[in-house]
Amino acid sequence: MAKPIPKIGSRRNGRINSRKSARKIPKGIIHVQASFNNTIVTVTDVRGRVVSWSSSGTCGFRGTKRGTPFAAQTAVGNAIRTVLEQGMQRAEVMIKGPGLGRDAALRAIRRSGILLSFVRDVTPMPHNGCRPPKKRRV
């Protein structure tokens, strides 16, 4: 009986994994979404393809601890660690949301050694759009 010929792009021969790590990314965009309950960090290349991501929840924080500045700092560290191995030196930062992790995430990005070309706040602001929900009575 003849052995089956492995497909070129199959997972068995390990080509997919080797190609992913071989891609060099000199410049990228770091998106930080900081809500009151969680902080999500996504690192993309300049075309918008996701290279690495992390969140406070995936770093092991649960419940109200996910919204803390320390959790945001840890999430940024996890997301940037893999990107530094791929050779990223410059980045743009887009920060979205009102959460506590905004400043801590930006501080962690500056400390990581990546040169920042600019930092932009892309929080969506309504120009008196939809009617807000009624105020809570506690």
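The shortest side-chain heavy-atom distance between Thr44 and Trp53 does not fall under the 4.5 Å cut-off. Taking 4.5 Å as the limit, some side-chain heavy atom of Met88 sits within range of a side-chain heavy atom of Val83. At a threshold of 4.5 Å between non-hydrogen side-chain atoms, the residues His31 and Ile29 count as touching. When side chains are defined from C-beta on, Gln33 does not count as touching Met94, because their heavy atoms never get closer than 4.5 Å. The shortest side-chain heavy-atom distance between Val32 and Lys96 does not fall under the 4.5 Å cut-off.
With Ser52 contributing its side chain and Ala79 its backbone, the two residues share a donor-acceptor pair below 3.5 Å. At distances below 3.5 Å, at least one donor-acceptor pair connects side-chain atoms of Thr74 with backbone N or O atoms of Phe70.
By the criterion of side-chain heavy atoms lying less than 4.5 angstrom apart, applied directly or through intervening Ile, Leu, Val, Met, Phe, Trp or Tyr residues, Ile40 is not grouped with Val122; the two fall into different hydrophobic clusters. Both Ile25 and Leu116 belong to a common hydrophobic cluster when Ile, Leu, Val, Met, Phe, Trp and Tyr are linked at side-chain heavy-atom distances under 4.5 angstrom.
The CD atom of Glu85 lies 8.0 Å from the CZ atom of Arg81; values are rounded to the nearest 0.5 Å. Taken from CZ in Arg90 to OG in Ser117, the straight-line distance is 6.0 Å, to the nearest 0.5 Å.
Using a cutoff of 4.0 Å between basic side-chain nitrogens and carboxylate oxygens, Asp121 and Arg102 are scored as salt-bridged.
The local environment of CZ in Arg47 is sparse, with at most 12 non-hydrogen atoms from other residues, nucleotides or ligands closer than 6.0 Å.
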**Message:** Show, in sequence, the C-alpha distance, side-chain angles and deciding distance for Thr123 and Ile95, and conclude whether the side-chain contact (heavy atoms from CB on, under 4.5 Å) test is met.
**Reply:** CA-CA 7 Å; Thr123 305; Ile95 298 179; 5.8 Å; no
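The only option from Val41, Val43, Leu106 that meets the side-chain contact (heavy atoms from CB on, under 4.5 Å) definition with Val76 turns out to be Val41. Across Val93, Ile30, Ile109, a single residue satisfies side-chain contact (heavy atoms from CB on, under 4.5 Å) together with Val119, and that is Val93.
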